Amino acid sequence: MNYNHKLIEKKWQKKWEESKIYRADDTSSKPKYYALVEFPYPSGEGLHVGHIRPYTGLDVIARKRRMQGFNVLYPFGWDAFGLPTENYAIKTGIHPKIITKKNTDTFRRQLKSLGFSFDWDREVNTTDPTYYKWTQWIFLQLYKKGLAYKAKMAINWCPKDKIGLANEEVIGGACERCGTAVEKKEKEQWMLAITQYAQRLYDDLDSVDYIPAAKTGQRNWIGPSAGALVKFPVVGSEHCIEVFTTRIDTIFSGTYVVLAPEHPMIEDLKGSITNWDEVEQYCAEVRNISDIERTSFERPVSGIALRGIHVTNPATGEEMPVWVADFVLAHYGTGAVFADAHDARDFELAKKYNIPLKTSIVPDDKDLAPQVENLEVCFEGEGILIHSQRFDGMTSSEARPKIIEWLKEKGSAEPHTTYKLRDWVFSRQRYWGEPIPMIHCDACGWQPVSEDDLPLELPEVERYEPTDTGESPLASMTDWVNVSCPVCGGSAKRETDTMPNWAGSSWYFLRYVDPHNANSLADKEKLTHWMPVDWYNGGMEHTTLHLLYSRFWNKFLYDIGVSPVSEAYQKRTSHGIVLASGGEKMSKSRGNVVNPDTVVDIVGADALRIYEMFMGPFDQAIPWDERGLNGAHRFLGKVWDIAQKGSVGRGENESITRLLQKTIKKVTEDIESMSFNTAISALMIFTNECYKADIVPQEAWNSFLHILAPFAPHMSEELWHTQGHTTSVHRETWPQYDAARLEEELVSIVIQVNGKMRGSFETSRGSTKDANIETAKRAGHVSQYLEGKTIVRVVYVPDKLINFVIK
RNA sequence: GCCGAGGUGGCGAAACUGGCAGACGCACUAGCCUUAGGAGCUAGCGCCGCAAGGCAUGCGGGUUCAAAUCCCGCCCUCGGCACCA
């Protein structure tokens, strides 16, 4: 093989770039196709071989679509705000802008050396003020529609470093930097009311084509549960404790109410609580435990009574005590539950503290029912109602709507759906993010920055650390912070928190459509032309947050007439990550990251692309194997050698032509299901046959170069031109296969005896059953197995299999 | 803990609606060849066995003429869990 990948790959990359053959055309009359990969965070380590897998996968699809006659948009950009750059800036004092520029330059150079068919004219960068102008603009629209609001939320706080920490920076409950135990600190934060879109985000999943894991991921994350809100009046007070329940059928056994330690009612009732000191201490202790720990079943339940407080059960009219317990979460439902013998934790808590219990549901199981009634076991399932007045004898599901209706008439309950999904905490006390364009005036409250003043640019600061008070470094920029109120003109202050990294990535797919537009986020006509994204591929780790956030923003933009579609992504797939050779994660700290530059240098971009696609199923995590690259390299070498041998174009070859049909079919279909590994396997089989053959028909070879082109764009382009062509192979039409030529005339029939394979024979397709059974009985060793036995039954599958069942 | 994905040779894997387990590739072995190269060619390659044959798809049951594939129970690995991106 004398294929000089260095020379040839560079040559074509230059030609493709000059002729802009991968440019997406906004005005084309061809059908459009929008293929999207998740834009990367340009980390300081540069591109690694794991990035390349998804980009190559969708590059193959984008290239195939172009050959199938589509006008393809396959863009790229940078999600460049974020913690690592900021932390690096804190350490070195170098401005994040400079670090980002350096990192994106490296990434871009590396990506270009791999021959991806991105339209580089549409590159976007979330940290570019001309980009984040629109991120801020979207925030203002959300604010105007009442979907952005301030609320007190707990942040992780390191009391020694005096800074707020991301969850990632908290290792085992301690600060990553200094090891000090992390505390929770209440802070006013901007929130986005994604829960208002919960039902639509849930329902509209029916209209899109996502891999099942992504759909269930989203559904579970949104987590709707239908139930009722029930009011429990506090005895001797105006207050009512509102409880959310999905099990209203158990209301008659409710014997106490449990509040989350954060529940505001506790403070409201302070005056009537006789054991306040104990209560306060318990609540304080719980606040520093994570939700996961609090709700863990392995953890013993704990709680404390609010002495002096009673509420009335609206169904029974009985008075009930009120407790506080850590397993009740403030942000789920109403932060309060009514407790009974039909919930394991309620049951456990009651047993532990001798709170009275009652049953109202018995299982349809004669042995179990008495144990449940005697409170020996906790029964959480559905069953038959008892001790429930007029609802006795009904099943749980029958009773639920009837009880809600009955309580509703009394003004004590109403149907309600609640969600696991919580509103989105949108503030970060950090420098390297989009400034939140809001101004606070003591007289007028929060006021939005005028849209004419966008972008509100990040000012230069000297230090990038958050301040001692936990505010972002912007807080020390008094010139920037102190402004006049846009309403009254009085003195006011800017919001100094910035947006989370998720902001910029929640709408970038819209900006690619019209990346240089200075007057709007993107031109409506262009958006209508390109949206929705036809195929979006990304990591499974983004299934819940990024995917949901961006769907939410798009839906909101749809509602205000900006986005033309209510669902951003028509199809969503996922890739598996590339692991290091040992099977562990690739990471800088482990020192096992493979840099694609070395690989491209030694075997070339095409071989790397082929290997990445061949290494295993696209959606599965695969360990990197240096030696596997040799196989890809060798395969391409063989392709090259065939072209040099002189066998191409020397005449006809029926078996090669027939194999080509099979190969085209396999590759065409496998690309669609992202079975790139088996597509390449088919290309290898075809190559091996051509290598052995004395004659490879010209037409077959041309078609082969076409279906190889998406995987190995450089070599196929070079070989295409060696055949005398002057236009790009990537502008050729994707070959069709001839279905009539696929079916082989001869079929191999498998002979089984009692289900075990004992032989086989060849016969013509569609041959008759009786003759085949006779042939099978005599074939090879089969007769031995049948000798002296009785054939009880013969299973016959035409053109495939004969199974003799013997005794 | 909850949710999701997965478990097949020495390794990565393949196997369409249940129908020849291991395609394709890596590694390895033997031989050949050579402008000694991250070369190439030919053959072999699940395990046990000289063979006949037997055993094999995480483990234990089941359904079926036939199970990697369907059903029940269990074990293990990986990903996510809301301020990493």
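Fair warning: this is a prediction, and the values are worked out from it, not measured in the lab. For the numbers below, each heavy atom of this structure counts, side chains included, while hydrogens, waters and symmetry mates do not. Proteins get letters first, then strands, A, B, ... in listed order; numbering begins at 1 in each.
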| Nearest-Å distance, CE (A:M615) to C1' (B:C26)? | 12 Å

| Atom OH of A:Y419 and atom P of B:C3: how far apart are they, to the nearest Å? | 20 Å

| request: In whole angstrom, give the distance that lies between atom CZ of A:F676 and atom C1' of B:G12. | output: 17 Å

| Say you pick atom C1' in B:C16 and the same atom in B:C55; how far apart are they, in whole Å? | 28 Å

| task | Find the distance A:I802:CD1 to B:C20:P and express it as a whole number of Å. | result | 14 Å

| message | Given the structure, check if the side chain of A:H542 and the base of B:A85 hold any donor-acceptor pair shorter than 3.5 Å. | response | yes

| said: Students often get this wrong, so: under 4.0 angstrom with heavy atoms, is A:R793 touching a base, only sugar-phosphate, or nothing? | reply: base

| Considering only side-chain heavy atoms of A:F614, which listed nucleotide, B:C41, B:G12, B:A23, is closest? | B:G12

| If only side-chain N and O atoms of A:N688 are considered, is one of them under 4.0 Å from the OP1 or OP2 phosphate oxygen of B:G25? | yes

| How about A:Y55 and A:F76: are their ring centroids closer than 6.0 Å? | yes

| field | Between B:A23 and B:C33 - P atom distance, rounded Å | value | 30 Å

| query | Using purine N1 to pyrimidine N3 plus N6-O4 or O6-N4 for Watson-Crick, or N1-O2 and O6-N3 for G-U wobble, each under 3.5 Å, what pairs with B:C74? | reply | B:G58

| request: Would you kindly check whether a donor in the side chain of A:N803 faces an acceptor in the base of B:C65, or vice versa, at under 3.5 angstrom? | output: yes

| How many angstroms lie between atom CG of A:D597 and atom CD1 of A:I602, to the nearest 0.5 angstrom? | 11.0 Å

| query | Rounded to the nearest Å, what distance is computed from the CD1 atom of residue A:I577 to the C1' atom of nucleotide B:A5? | reply | 12 Å

| request: Among the candidates B:C55, B:A82, B:C83, find the nucleotide nearest to the side-chain atoms of A:L545. | output: B:A82

| Taking any strand in view, what nucleotide pairs with B:C50 in a Watson-Crick or G-U wobble way, both distances under 3.5 Å? | none

| task | Compare the minimum distances between each of B:A14, B:C24, B:C20 and the side chain of A:P617, then state the nucleotide with the smallest one. | result | B:A14

| query | P atom, B:A56 versus B:G62: distance in rounded Å? | reply | 14 Å

| Rounded distance in Å between the C1' positions of B:G18 and B:C65 | 12 Å

| Counting side-chain heavy atoms from C-beta on, which of B:C41, B:C26, B:G38 comes nearest to A:R627? | B:C26

| said: Against the six-membered ring of A:F686, is A:K662 placed for a cation-pi contact (under 6.0 Å from the centre, within 45° of the normal)? | reply: no

| request: Find the distance A:I751:CD1 to B:A66:C1' and express it as a whole number of Å. | output: 16 Å

| request: For A:H48 and B:A85, give me the distance from atom NE2 to atom C1', rounded to whole Å. | output: 12 Å

| request: Describe the nucleic acid contact of A:I602 in one word from base, sugar-phosphate, nothing, applying a heavy-atom distance below 4.0 Å. | output: base

| task | Determine the contact category for A:K420: base if any of its heavy atoms lies under 4.0 Å from a base atom, sugar-phosphate if only primed atoms, P, OP1 or OP2 are that close, otherwise nothing. | result | base

| Can you name the side chain to side chain contact (heavy atoms under 4.5 Å, CB included) partners of A:K91, sequence neighbours left out? | none

| said: Keeping A:N592 on the side-chain end and A:K585 on the backbone end, is there a donor-acceptor pair under 3.5 Å? | reply: yes

| request: Please give the nucleotide sitting opposite B:C81 as a Watson-Crick or G-U wobble pair, both distances under 3.5 Å, or none. | output: B:G1

| note | Per atom distances to the A:W502 side chain, the nearest of B:G54, B:C83, B:C20 is B:C83

| said: Does the structure show a Watson-Crick or G-U wobble partner for B:C20, both distances under 3.5 Å? Name it, or say none. | reply: none

| request: Grab the CG-P distance between A:N754 and B:G19 for me, whole Å please. | output: 19 Å

| field | B:C41: pairing nucleotide in any strand, Watson-Crick or G-U under 3.5 angstrom | value | B:G31

